[in-house]
Structure formats: structure tokens, C-alpha cells
Amino acid sequence: MKAYNFKELEKKWSPVWENMGLYKTGDDPEKTNFYCLDYFPYPSGAGLSVGHCRNYIPTDVICRKKRMDGHNVLHPMGWDAFGQPAEEYAIKTGMHPVEVTRVNTENYKRQMKLFEAGYDWEREINSSHPDYYKWTQYFFLMLYDKGLAYQSDNFQMYCPSCRIVLSNEESAGGICWRCSGEVVKKRLPQWYLKITEYADRLLEELDDLDWPENIKAMQRNWIGRSHGAEVVFSIETEKDGVIKLPVYTTRIDTIFGATFCVLAPEHPELPGITTEKYKKDVEQYVKASGAKTDLERLVASEKGKTGIFTGAFATNPFNGEKVPIWTADYVLAGYGTAAIMAVPAHDERDHAFAKKYDLPIIEVIAPDGIPQGVEDEATVADGELINSGQFSGLNSEESREVMAAYAESNRFGKAETRYRIRDWLVSRQRYWGAPIPIIHCEKCGAVPDRNLPVVLPDVESYEPDDSGRSPLAACQDWVNTTCPKCGMPAKRETSTMAGFACSSWYFLRFASPNCTDAPFDMEEVKKWLPVDLYVGGAEHAVMHLIYARFWTKVMFDAGMLDFTEPFTCLKNQGMLISFDHQKMSNSKGNVITPDELVVKYGADALRLYIIFMGPFEAEIEWSEEGLAGTYRFVKRVWNLFLDTAELEEIETDKAFDKELRYELARTVKKVTKDIDGFQFNTGVAAMMEFLNFLSVNRGKASSSAVTWRKVQKEFLTILAPAAPFVTDELWHMLGFGEENDTIHTQKWPEWVEKDLEKDTVEIVVQIKGKIRGRISVPADASRESIEQMALGLEKVQDYLKGAVPKRVIVVPGRLVNIIG
RNA sequence: GCCGGAGUGGCGGAAUGGCAGACGCGACGGACUCAAAAUCCGUUACCUUUCGAGGUGUGAGGGUUCAAGUCCCUCCUCCGGUACCA
């Protein structure tokens, strides 16, 4: 018998499949289309790790099965080549980004082929190619034309270590998404996209998506919609007379308990309202808190909030009370109106502040109208309003509506919805990105350059610096141009777009990657989109995934698409933990590559192990030992099937023949459901069980030739998506395939329900829930007969000692439970 | 704090409310071998045992049920996210 040699099989079959175009996107009009997409990777120098395999191998298995199920499958791959990660790598190695991209994408592609990830390489795309980024620029201008792209020099997050401005999403928690360093605030003119305009739709349209709950929760959280009210307090100033101070609150029901107001140190009115007497101290405080990062502020305030009185007072429009105005950095400049009414009785932060500075605390919300006392602790729960003038006696919920309406009719406030999400800062003072296609003209202002692509010039020096200037600014030939509008000399915008702009529409490009007169062919997009299955890591929950949803909605509004959500079903593979107990990642240098494993165990064993090692979504610690197990499994399949290839007609054991059919049908059913349901691990286990069954019964019992042929054929077929090499080889060796044929285009087997029917079933007999015996009964036995048989057991008789049982529960096909 | 998820053998993990630990790894014992590797066969939750079996076990404590890893309540721990958002 021929020995199993995976190297030989891989060398033989890979080119065969490539030549027959096995992975080419299907276009049979009779079949339904299935678009499966893997997050397109940024090509890093470290290459693919086994962590990437947990993404690409399961989707490959799914796609192979979908093809066998009779679908046209689109499973493309491309490169997220522009942007910070690729550029950081180029800077680190001193290689030009173009060269880095070329070398790394080649390596990725080679590795993907190592474990036979079946992509349609005719549709390969690269976001750093002018053919592609021309359209990224096109979308930027579309956003610009719709008033959804604008320039502003608000405060931005800046990572001093990466020397780059970051979007809010990229700097969540005050930490840079790339280097995990602390970010600082900076002010530079930057380009923003108005994602906030889509906040409601981004929030509401999440509900119907087949996405993991945690990702949806993260997006909801990030969008952070809150319903509240804006109320205008008035301030009598020394110089400017009465000015208005709008505050935002979600608890207007507590407004009679407002005993002071607090402005963020950055609040624009602060200098104006501060009285002479307090000016010096306030200025000093503002300066001190401005020097701190948000993170430092938070850490400092955990030890005790700080703030300072301004000398000014504000009048509460609800009760005419004058309350002191303070400034404190626990109030954030970037949210609401940067000013709050402080209600120490019913807000923990205000309570802490009032305690520290000895400010009054007035209880205005009481459960069932009974005051609880709020000196020691704030009560934040809803309740009944007390000490609240005409509103006393109402409950919190209704009063919020009533009081907002009251404020509106008296013109000192209104109900208002606020969001946490900020507009998307999309410009970067970086070389390696799509240039923002804008020309600045002294006369005409910012003018779109519609002569696309605006090609990224080739430059020698592309390293960023702290100046806030793009490396492109030094490229005079490129910067100096003429205004498309008036023809006068003008200068190009030197910022490029963040990498996340490129990935906000790439899934559309795959439908027609070579389209030259539009970003995509609408007919092709109609055929394939939205993406049926999108698979990648969870780390892009509030970056890529929210940006892509935003762009899709904008395109829908522009009439370019007939759907508003790009990804119908999303799955996140679990992280792989490396030997150092940290997430396996290029930046941590703890990466294990598939290369060495394929050499040692073969692609089939690696593929099986990757899907067998645990549930798809679970975080798992990498261990190579388990890989020996799937390697043994593949080898056992090989040996057993070749060993039993030649069938001699011997006497058939009818009972075994039936049992064999039963086990086969059970396995086919289980594997079918498990692959469809992303439960690959138990699917593989089922195939192992079946092989064990065959192994144990080999030589002990014989089936009919027809059944055995069916077993060989169907077992190989259901194993084929996970182990493509060994199955195709055996398929041919056992004589199922023609010369130019492959198992991978065979029809997925269907199980016969009738085969799953059994003549007799084993039933567990319990006494008071404890197992005391088993009986074998006909599958169609009646409850009564099962009960009689169970009661007849010696153990049961001993237990009952002749008495009549109190109760007998019979679950046909499962168990009998006797309660004495 | 808030949101999401998870706690089951030595390990990764299985279990439509119905036989807990499938499958795999590791370990132990045996066969084959001069020997080893590979392969094959067996054992492998814990305690007791007269070897028939008996008892205990799914983070903790309550509850519902004939029956709970699974459902409900109260906690604890871990992972991920987020956090002075008014």
C-alpha cells in the first residue's frame, strides 16, 4: 500500500486546481450567489501567522462547501496597502512603501496558497494602486459635494510617538490604536467627514444585522445617543451684561436640586464671566488643566476632583435661584455644551465636588416621595419629585417630558438628543495614502480637483515629523498647480486620507475589480452585494466597521446602491494566544507562521487543526501538540480507505449494514449542520468518530458493496472542504473521479432520514433521577410497554419491594424515571 | 461603574432541560521491534470498594422541576470593550 505523503499530494493538486479555475468566481445564472469576504489585510513584513489562518481557513471551508451545495461563490482577496501600518513598516525597514507593499503582498499570497486558501486571484485589488485610489478620491469628492467633508481646526487627538493625528475611534480611551501610547490634544487644520449626520441611522439599522452582540453593543455604545434637554441659565456679567449659558442634562427632573454650575476649563465664555477678583486663580487653573492629557485628568480626579470658583452666578430659569459658577476639569469640553448644572444630591460626581468645596446639597428626587437623605451619598435612581415647585409629585420619567416642554414654551430650553460619536478626522499629514483631491486657491478657496487620480508623487523622503506638515509639502513640483476654477496659481492639499478611507468601500470593488469608468459596476454590485458573510477580528468594531457602514449609507443616499448595510452577517474569529500568553501579533514578535507547520504536518492537517482546536469565536492558546492529532487522523483516513479499497464480495451482515448506514447518515447530517453553523470543531469530531467506528468494526462485520461504496464516497466528500488534498487523491485512487475531474466540484451529499431510524433504542432507567439500569426496546414501543419493561427490572423490583411507584415518567426514546 | 461574553478532567473542549466529560492532546500500561520511531490495542474526573458496585462531582449559595452544566434569583472570578458623556 502506498504511504501517505502530503508533500507529494500538495505538489500534485495545487496546480491542477489552479488550471481548472476551481476558485474562479461562479457565474452560472441558475445558481444563487454567495459573497464571502475576509477582512483584507495590510501586508506586514512578518507575514501571515496561524492567527490569520483562523480567519482564512474557516471561510475557505465554508466557500468550498457552498460551491458543492450549488452556489456561485465570490471569495476575493486584496491588500489594505495604504495607511499607517504599512507606512510604519516601511519607515522601520528603510524600504520604500511601494517596494514594501510589493514584497509583502507576494509573501502573503504565497502563504495563502501554502494552506490552499482558495481565492479568486483574478479579482485581487490593492488600495495603493492609482486604479483603486482614484475612486477613494472620487468618494471623498462626493462627500465634499454633499457637504459631508469639511475642514476645521478643532482640537484633535495626536499620537506623539507615531507622529500622526488620529480619529476619535483610533484614539479611544486616550490610547493610540497602533502603539498603545498616550495621545495628546493638538489644534491643526484638518479634514473631517460628517459621520455624526448618520448617527441615528448607524444606531437604528444595527438592530436587524446578524452580527455578534458584543460588536453591536460596542457600536451602540460608541454612537452614544442620549435623550435629554438643553436648559439656558443666565449670567449677569460685570462687563457684558446678561449672557446666556446653555447646559445639557439628561436629568432635567433634578433641576430644582441644581446648586451650582460648572464650566469646562476650555469653555469659551469662561474668561468673560470670571470676575476681576478671581481672574488670576481661574487663569492659573485653566492653564494647569490644559497641560494635562485627558487620561491624566481622569487619574488625578480619582484622587479628588479639583475646580475653582469664578465669582459669577447663574440664574436657574425654573426657580429663579442664583447659583455659583465654577470651572472644573471633570466637565469635558467635547461633550454637550461643555457646561453643566450640578445636582449633587443626584449625581455622584457633583456630590463628590460639593462635598469637597462645601456646596449645598438639595434632595429633589425621592423614592415614593420619602426623602432618603443625601448628605453621604447621591441617589441616582428615578423617583418622585419633591421640593420642585409645581412639578413636585410627578415621577422622574414623566417630568422629564413635561419640564422640557415647559422650558420650550417659556423659551429657555428644549428637549435635545446628543451623541458621543464625533465627526471622523480623515486627513493625515502622511505620505503613504490617497492624496486628498483638493486645490487651495487664494481667490476661490478650497476647490475640488476632479482630474482623478491625483497621483501620489514619488518622493525620496517620506518620514513624518512633528511640524504638522505633510511630507508631500516639500514636493514643490507637485504642490504648485493651477486652480481648476480660475486658472491662477494654486497649491494642492498635502494631506492624504487615513487608511480607513480605502477600506470603507473595498468590498464593493471586488464585484467588478477592473471597472475603469466607475468605482464599481452597478449590475455586478446588485448581483453580489451586500456581503453574505464577513469574517475578521473584533478589533475593528468601532473603526473600519462603522466607517464602512457610514460610506455605504452615503452611497445609498446618492442612489448608487440599493442597500444600506454592507455586511449582512458578521463573524469574528477568536484571538490566538501565543506562547508568551499574549495575543499573537506582528508587533509583539511572538508570531508562529503557517509555513513551518505546513512543512511538518501538511496543509490538510493544519487546516483540520485550525478548525478543530476550539470553537470558532473562542480565544485559544496556541499549542502545536494538537496538530499531531489531526495529522494522525488524515493518515488514518488514508490507510483505512486504501486498505479497504478492494472489495471482496463476502457475506453481508445485514444488521451491521444498517448500522453503518445509520452512522453515515448521522455523520453527514452533523457535518452539514456544523459547517453551516460555524461549529467546525464538532463537525471534525463527528468525522473522527465515524472513522473510529469504521476502524473498530473493520474485519468484525461486513457491509454490502453498495453501502461501502456510499460510505467511501460520501465521507470523502464531506471531508473535502477541510482536507482538500488527501480527499481528492483518495477520490481518484478509489476510482470515483475521471482524469480531469476533482472531488471539489462534486455535489454535497444529502442524508436519508430513513437511515436515521432505528429498530431498537436503549432507554435509561432511573430511580428518583439516578441511573439504575438500561433496557433495549423497539423504537416504536408504547409508553405503557416501556414502563412495564422498566418496572420489570430486578433492580427496580428490589427498590420498590412490591409497592406501587408514586409516579413514573416515560420519555420515549430516552428514559424512564421512577419515583417511589 | 456601565455594556458584552465566559467559568466543565492534567490540557483544548462536547452535551435540543433527559446517560456530564463526545472528539482531540497529554499521561500510563500492553502488542509489534534487537532497539527506537511510527502504528495498533487498552486505561485515564474524584472518593470508597468485598471488583458486583456505591457515593461525590460542571465557580459559590439558594430556587423551579420527576429530572438542571443548561431555566430563575443572589453573589464570586476571569476575558473583551468602554468610561468624569452630565
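Since the structure is predicted, the reported quantities are computational estimates derived from the model, not experimental observations. Chain naming here is simple, since letters A, B, ... match the order of the sequence lines and numbering starts at 1 in each.
Going from atom CE of A:M575 over to atom CZ of A:R54 covers 10.0 Å, rounded to the nearest 0.5 Å. Atoms CG and CD, on A:L815 and A:Q766 in that order, are 5.0 Å from each other to the nearest 0.5 Å.
Side-chain N/O atoms of A:K768 and base N/O atoms of B:rC66 include no donor-acceptor pair closer than 3.5 Å. For A:R774 and B:rC19, a side-chain-to-base donor-acceptor distance below 3.5 Å is present, hydrogens and geometry of angles not being considered. Taking only distance into account, the side chain of A:R220 never meets the base of B:rU82 through a donor-acceptor pair shorter than 3.5 Å.
Taking every side-chain heavy atom of A:R814 into account, B:rG18 is the closest of B:rG18, B:rG81, B:rC19. Among the nucleotides B:rA83, B:rC19, B:rG18, the one closest to the side chain of A:W222 is B:rA83. Considering only side-chain atoms of A:R807, the nucleotide from B:rG24, B:rC66, B:rA20 that sits closest is B:rC66.
Glycosidic torsion of B:rG9 falls within 90° of 0, placing the base in syn. Nucleotide B:rG54 is shown with an anti base, its glycosidic torsion being more than 90° from 0.
B:rU65 atom C1' lies 13 Å from atom CD of A:Q766, rounded to whole Å. The nearest whole Å value for the distance from the CZ atom in A:R400 to the P atom in B:rA86 is 12 Å. Rounding to whole angstrom units, CD1 of residue A:I611 and P of B:rC23 are separated by 18 Å. Rounded to an integer number of Å, the gap from A:L815 CG to B:rA68 C1' is 14 Å. In this structure, A:I223 atom CD1 and B:rU82 atom C1' are separated by 14 Å, rounded to whole Å. Taking atom CD on A:Q219 and atom P on B:rC3, their separation rounds to 19 Å, with Å as the unit. Look at CG on A:N214: it is 10 Å from P on B:rG4, rounded to the nearest Å. When the P atom of B:rC23 is taken as reference, atom CD of A:E689 falls 5 Å away, rounded to whole Å.
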Evaluate salt bridge (charged side-chain N to carboxylate O under 4.0 Å, His left out) for A:R400 paired with A:D382, printing each intermediate quantity in order.
-> CA-CA 11 Å; A:R400 285 196 280 264; A:D382 279 359; 3.0 Å; yes
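The gap from the C1' atom of B:rA67 to that of B:rA20 amounts to 14 Å, rounded to the nearest Å. A distance of about 37 Å separates the P atoms of B:rC84 and B:rA14, rounded to the whole Å. For the C1' atom pair drawn from B:rG12 and B:rA27, the interatomic distance equals 16 Å after rounding to whole Å. Comparing the same atom, C1', in B:rU44 and in B:rC23 gives a spacing of 15 Å after rounding to whole Å. Only the C1' atoms considered, B:rU8 is 10 Å distant from B:rG59, to the nearest whole Å. Distance noted for atom P between B:rG69 and B:rU16: 13 Å (whole Å). Between the P atoms of B:rC66 and B:rG61, the separation comes to 23 Å (whole Å). To the nearest whole angstrom, the two P atoms, one in B:rC78 and one in B:rC46, are 28 Å apart.
Salt bridge annotation for A:D604-A:K635: absent, with no cationic side-chain nitrogen under 4.0 angstrom from a carboxylate oxygen. Salt-bridge formation is detected for the pair A:E753/A:K669: a Lys NZ or Arg NE/NH1/NH2 atom is positioned less than 4.0 Å from an Asp or Glu carboxylate oxygen. For the pair A:K600 and A:E624, the salt-bridge criterion is met [side-chain N within less than 4.0 Å of a carboxylate O].
Relative orientation of the A:Y631 and A:Y4 rings is tilted, given thresholds of 30° and 60° on the angle between their planes. Ring geometry for A:F616 against A:F680 counts as perpendicular: the plane angle is over 60°, on a 0 to 90° scale with 30° as the lower cut.
In terms of phosphate contacts, A:K770 brings a side-chain nitrogen or oxygen within less than 4.0 Å of OP1 or OP2 of B:rU56. In terms of phosphate contacts, A:N692 brings a side-chain nitrogen or oxygen within less than 4.0 Å of OP1 or OP2 of B:rG24. Distances shorter than 4.0 Å separate some side-chain N or O of A:Y335 from OP1 or OP2 on B:rA86.
Using a 4.0 Å heavy-atom cutoff across all strands shown, A:D350 reaches no nucleic acid atom at all. Within the nucleic acid shown, A:I809 comes within 4.0 Å of at least one base atom, counting heavy atoms only. The residue A:G173 sits close only to the backbone: its heavy atoms come under 4.0 Å of sugar-phosphate atoms, none of a base. Within 4.0 Å of A:K806, counting heavy atoms only, lies no atom of the nucleic acid at all. A:R772 comes within contact range of the sugar-phosphate backbone alone, with a heavy-atom separation under 4.0 Å but no base atom that close. Among the protein residues, A:I819 comes within range of the sugar-phosphate backbone only, with heavy atoms under 4.0 Å from sugar or phosphate atoms but none that close to a base. Using a 4.0 Å heavy-atom criterion, one finds that A:A172 contacts the sugar-phosphate atoms exclusively.
Between the side chains of A:R636 and A:N692, at least one donor N or O sits under 3.5 Å from an acceptor N or O. Donor-acceptor pairing under 3.5 Å is lacking for the side chains of A:W424 and A:E169. Using modelled atom types, one finds no donor on one side chain facing an acceptor on the other under 3.5 Å when comparing A:S399 with A:D253.
Between A:E625 and A:G769, the residue anchored closer to the 5' end of RNA chain B is A:E625, taking for each the nucleotide with the nearest heavy atom. Remark on RNA chain B: of its neighbouring residues A:M688 and A:V542, the 5'-side contact belongs to A:M688, judged by nearest-heavy-atom nucleotide.
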Protein-proximity profile, nucleotides 10-15 of chain B, B/S/- by nucleotide at the 4.0 Å heavy-atom cutoff, equals --BSS-
Quick one: what's the B/S/- string for nucleotides 40-52 of chain B, heavy-atom cutoff under 4.0 Å, read 5' to 3'?
-> S------------
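For A:Y601 and A:F6, the ring centers sit 6.0 Å or farther from each other.
For the ring-ring contact (aromatic ring centres under 6.0 Å, His included) with A:F260, the lone residue among A:F233, A:F353, A:Y357 that qualifies is A:F353.
Taking all atoms of both residues into account, the shortest heavy-atom contact from A:P344 to A:A378 is O-CB, 3.6 Å. Across every non-hydrogen atom of A:T306 and A:A328, the tightest pair is O-CB, 3.2 Å.
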Could you summarise the pairing of RNA chain B as dot-bracket text, marking Watson-Crick and G-U pairs under 3.5 Å with ( ) or [ ] inside the strand and | across strands?
-> (((((((..(((.....[....)))((((((.......))))))((((....))))..(((((..]....))))))))))))....
